[in-house]
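Order of the sequence lines sets the chain letters (A, B, ...), proteins ahead of strands, with each chain counted from 1. Keep in mind that the numbers below use all heavy atoms, side chains included, and drop hydrogens, waters and symmetry copies. Quick caveat: nothing in here was measured; it's all calculated off a predicted structure.
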Amino acid sequence: MRDILPPETSRWQWVESVAREVFDLYGYQEIRLPLLERTELFARSIGADTDIVAKEMYTFPDRKGDSLTLRPEATASVLRAVLENRLEKGAGVKKFFTLGPMFRYERPQKGRFRQFYQINCEAFGVEAPELDVEVILLLMHILKRLLPGELRLLVNSLGCPGCQVKFKAALGLFLINREGLCEDCQRRRTTNPLRVLDCKSAHCQEILQDAPVMRDYLCPDCAAHFARVLELLDRFNVAYELKPKLVRGLDYYTRTAFEVAAVGLGAQDAVAGGGRYNGLAKELGGPDLPAIGFAIGEDRLLEVLPLNFGQDHRPRVFVAALGEPARERAFTVIQELRRKNLAAEMDFEGRSLKAQMSLADRLNAAYVVIVGDKELAAGVAQVRPMKKFSYETGGKVKLTEVGAGRTLVKQEPVPFEDLMDYLTGKIRSEETH
RNA sequence: GUGGGCGUAGCUCAGUUGGCAGAGCACCGGGUUGUGGCCCCGGCGGUCGCGGGUUCAAGUCCCGUCGUUCACCCCA
């Protein structure tokens with residue numbers, strides 16, 4: 001478990017605000033969900049044989065004795081909320097996004113945490129491959145707004161349950177008399193044969209060279225659906241890699257499955273993953289409701305995001321005051337500035353002017369307003385621009401770097417009654433540049 | 001669930017065969033009695049993760065424990 005602290009938090013806010021903006025462009029609306037659900041929901045949706053359900057859930061009884069679980073993923077909760085509130089009724093596609101923490105009890109490592117954050121997208125009610133593509137376009141739209149680096153989009157089709165039965169049978173037959181599979185795969189061979197496909201062992205991959213491929217087992221409908229998805233991705237110039245061995249960890253996926261990988265994340269390099277889950281609604285006792293969605297791993301995304309992205313560059317005003325009367329005045333000045341929507345700060349501890357200047361510098365103040373006895377008497381404050389490398393010509397500055405290429409910026413006397421207009425004007429004009 | 005690395009000042013880390021707990025950065029003050037960033041000087045700051053053991057003596061050796069980190073399994 002970990003805390004997320006400033007200045008890191010402003011990067012999180014930025015990522016989330018970009019995601020919200022793009023979701024809005026595509027017509028998605030936010031839903032907010034409980035972090036706790038009845039254990040049964042996850043057991044039924046994710047699949048009892050998956051690692052998530054078998055060993056990774058935070059599960060405990062509540063006071064009444066009902067078994068509750070901290071959500072290990074969002075899709076099941078979203079679908080539960082949709083069905084409970086009859087949100088699937090009515091014409092057209094229903095589009096939702098949600099974001100927040102998920103919980104899995106596993107050993108943390110790079111890019112993996114016990115409490116981690118996802119941005120989730122879920123769309124219901126439309127079976128057409130166009131929706132698959134729109135969802136992928138949406139995902140790539142968000143990621144490209146956020147990340148400058150190259151992303152690898154991996155796609156595959158897992159087929160419908162009919163295809164999967166045939167394929168699993170073929171794969172099982174293929175695996176049954178193969179020698180030399182790693183220990184894990186020997187176990188998986190019976191428990192979850194699909195997982196053998198994406199084993200990282202080089203030796204297993206060698207054995208799998210001529211294993212049956214899902215694509216050959218797709219029924220005509222599934223094959224046509226997948227072909228159309230690929231055709232549209234091409235038309236929108238979305239670069240993708242076909243990855244026949246892409247299987248996903250949750251049982252409920254059907255047809256289109258995809259994953260986005262980024263470099264620099266170590267062993268856990270998937271920043272987003274998703275796919276169709278047409279059968280899940282019925283599985284949970286609802287109607288036959290086609291559905292597709294994805295999850296972005298926010299923690300991992302932040303990990304590969306350059307450090308300067310999403311930092312707060314809002315200009316601030318610092319009011320430096322000397323003496324008690326000046327401090328009184330300064331307090332009213334910063335409140336006035338804040339009411340004008342300008343971020344403003346001052347010192348409450350009676351520090352020296354030098355110390356206040358230094359503080360202003362650390363707070364990244366764009367301007368310092370200096371108020372002392374002289375200024376109060378004259379009714380005129382000194383306004384000093386704090387751009388890097390600016391300095392006052394008359395000051396006792398020993399800055400050794402002063403010289404080549406520095407601009408001279410003098411501080412200006414500004415009557416108190418003009419202060420607000422002066423500062424708002426200065427800062428607005430700088431913001432537009 | 002399995003295997004390894006690391007826990008010493010706010011941060012990053014030194015610490016010799018066991019012998020007075022250190023540096024850089026950050027912070028505070030001064031050099032400049034009213035002016036930030038560079039420079040110089042000074043200062044503040046540590047139950048050495050926690051508990052036990054060995055020893056005249058433990059940051060150092062041993063055992064346990066907690067935390068953290070990387071990898072496996074698996075996933076975002």
Side-chain angles (χ1 to χ4, degrees), chain A residues 1-2 5 46 49-56 72-75 99-120 139 182-185 187-188 191-192 195 198-201 247-250 259-262 265-274 293-304 318 320-323 326 349 351-375 382-403 406 409-411:
Chain A
M1 300 297 180
R2 77 213 195 278
L5 307 168
I46 297 170
D49 291 336
T50 60
D51 275 33
I52 292 179
V53 172
K55 62 174 193 184
E56 294 176 0
E73 58 118 29
T75 299
L99 73 184
M102 310 295 156
F103 304 84
R104 289 183 202 171
Y105 190 86
E106 47 188 347
R107 294 286 285 271
Q109 69 188 69
K110 191 174 182 63
R112 182 160 73 198
F113 311 94
R114 285 183 166 179
Q115 175 171 340
F116 61 103
Y117 294 77
Q118 285 189 344
I119 299 171
N120 280 267
L139 171 60
C182 71
E183 231 174 89
D184 290 317
C185 285
R187 175 176 47 78
R188 285 190 282 233
T191 56
N192 195 352
R195 293 238 63 93
D198 65 0
C199 178
K200 290 191 182 75
S201 148
V247 297
R248 307 210 19 95
L250 295 77
E259 216 169 271
V260 179
L265 273 175
Q268 318 298 330
D269 68 347
V271 287
F294 64 76
I296 296 174
E298 213 177 340
D299 315 76
R300 292 181 185 179
L301 188 63
L302 267 295
E303 190 87 26
V304 289
F318 189 95
L322 290 155
E349 293 172 287
R351 299 147 83 111
S352 69
L353 182 57
K354 180 186 165 78
Q356 293 186 61
M357 293 301 295
S358 163
L359 195 55
D361 190 48
R362 262 173 291 159
L363 291 171
N364 245 314
Y367 292 89
V368 174
V369 175
I370 299 167
V371 187
D373 294 339
K374 277 188 284 186
E375 285 74 18
Q382 295 291 331
V383 177
R384 179 181 176 83
M386 295 290 280
K387 289 181 189 130
K388 288 287 180 225
F389 308 123
S390 71
Y391 68 102
E392 189 216 349
T393 44
K396 313 167 190 172
V397 174
K398 275 188 193 164
L399 193 64
T400 55
E401 288 180 26
V402 169
R406 313 287 189 237
V409 183
K410 289 184 185 176
Q411 59 192 44

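Distance check on atom P: B:rA58 versus B:rG18 gives 13 Å, rounded to whole Å. B:rG30 and B:rC13: their C1' atoms are spaced 29 Å apart (whole Å). Distance check on atom C1': B:rU69 versus B:rC63 gives 23 Å, rounded to whole Å. Nucleotides B:rC44 and B:rC62, compared at atom C1', are 37 Å apart to the nearest Å. A gap of 10 Å separates the P atoms of B:rC38 and B:rC27, to the nearest Å. Here the separation of B:rC50 from B:rC11, taken at their P atoms, is 15 Å to the nearest Å. Distance noted for atom C1' between B:rC40 and B:rG46: 28 Å (whole Å). B:rC20 sits 23 Å from B:rG24 when the C1' atoms are compared, rounded to a whole Å.
Straight-line distance from the CD1 atom of A:I119 to the P atom of B:rA76: 15 Å, rounded to whole Å. Atom pair A:F294:CZ and B:rA76:C1' shows a separation of 12 Å (rounding to whole Å applied). Taking atom CZ on A:R362 and atom P on B:rG37, their separation rounds to 10 Å, with Å as the unit. Counting to the nearest Å, the P atom of B:rG4 and the CZ atom of A:R107 are 11 Å from each other. Between A:R351 atom CZ and B:rC27 atom C1' there is a gap of 10 Å when expressed in whole angstrom units. Atoms CZ (A:R300) and P (B:rC70) sit 12 Å apart, rounded to a whole Å. If you take CZ of A:F113 and P of B:rC70, they are 7 Å apart, rounded to a whole angstrom. One atom, CD of A:Q411, and another, C1' of B:rG36, lie 11 Å apart when rounded to the nearest Å.
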Could you check A:L322 against A:R351 for side chain to side chain contact (heavy atoms under 4.5 Å, CB included), going step by step and ending with a plain yes or no? CA-CA 8 Å; A:L322 290 155; A:R351 299 147 83 111; over 6 Å; no
Before giving the answer on side chain to side chain contact (heavy atoms under 4.5 Å, CB included), spell out for A:I296 and A:Q118 the whole-Å C-alpha distance, their side-chain angles and the decisive distance to 0.1 Å. CA-CA 5 Å; A:I296 296 174; A:Q118 285 189 344; over 6 Å; no
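At distances below 3.5 Å, not a single donor-acceptor pair connects side-chain atoms of A:R384 with backbone N or O atoms of A:Y367. For the pair A:R300 (side chain) and A:A261 (backbone), a donor-acceptor distance under 3.5 Å is absent. A donor-acceptor distance shorter than 3.5 angstrom exists from the side chain of A:Q356 to the backbone of A:A321, with no hydrogens or angles considered.
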For RNA chain B, what is the dot-bracket line, given that a base pair needs Watson-Crick (N1 to N3, plus N6-O4 or O6-N4) or G-U wobble (N1-O2 and O6-N3) geometry with both distances under 3.5 Å, and | means paired with another strand? (((((((..((((.....[..)))).(((((.......))))).....(((((..]....))))))))))))....
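Residue A:Q356 places no side-chain atom within donor-acceptor reach of the base of B:rG34, judged by atom type and a 3.5 Å distance cut-off alone. Between the side chain of A:E106 and the base of B:rA76 there is at least one donor-acceptor pair of N/O atoms closer than 3.5 Å.
The existence of a salt bridge linking A:D299 and A:K110 is excluded, since no basic side-chain nitrogen approaches an acidic carboxylate oxygen closer than 4.0 Å.
A:A360 comes within 4.0 angstrom of nothing in the nucleic acid, heavy atoms only. At a threshold of 4.0 angstrom between heavy atoms, the contacts of A:E349 with the nucleic acid are absent.
A:M386 and A:A360 make their closest contact through CE-CB, 4.3 Å (heavy atoms, listed as atom of the first residue, atom of the second, distance). Pairing each heavy atom of A:A326 with each of A:V371, the nearest pair is CB-O, 3.4 Å.
Candidate nucleotides B:rG36, B:rU35, B:rC70 were compared by shortest atom distance to the side chain of A:L353, and B:rU35 ranks first. Of the candidates B:rG34, B:rG36, B:rG29, B:rG29 carries the atom nearest the A:A355 side chain, counting heavy atoms from C-beta on.
Each of A:G297 and A:V371 was assigned the nucleotide of RNA chain B with the nearest heavy atom; the assignment lying further toward the 5' end belongs to A:V371. Between A:K374 and A:I296, the residue anchored closer to the 5' end of RNA chain B is A:K374, taking for each the nucleotide with the nearest heavy atom.
One distance of note links CZ of A:R362 with CZ of A:F318; it measures 9.5 Å at 0.5 Å rounding.
For B:rG67, the base is anti relative to its sugar; the glycosidic angle deviates from 0 by more than 90°.
A sub-4.0 Å separation between OP1 or OP2 of B:rA71 and a side-chain N or O of A:Q109 is present.
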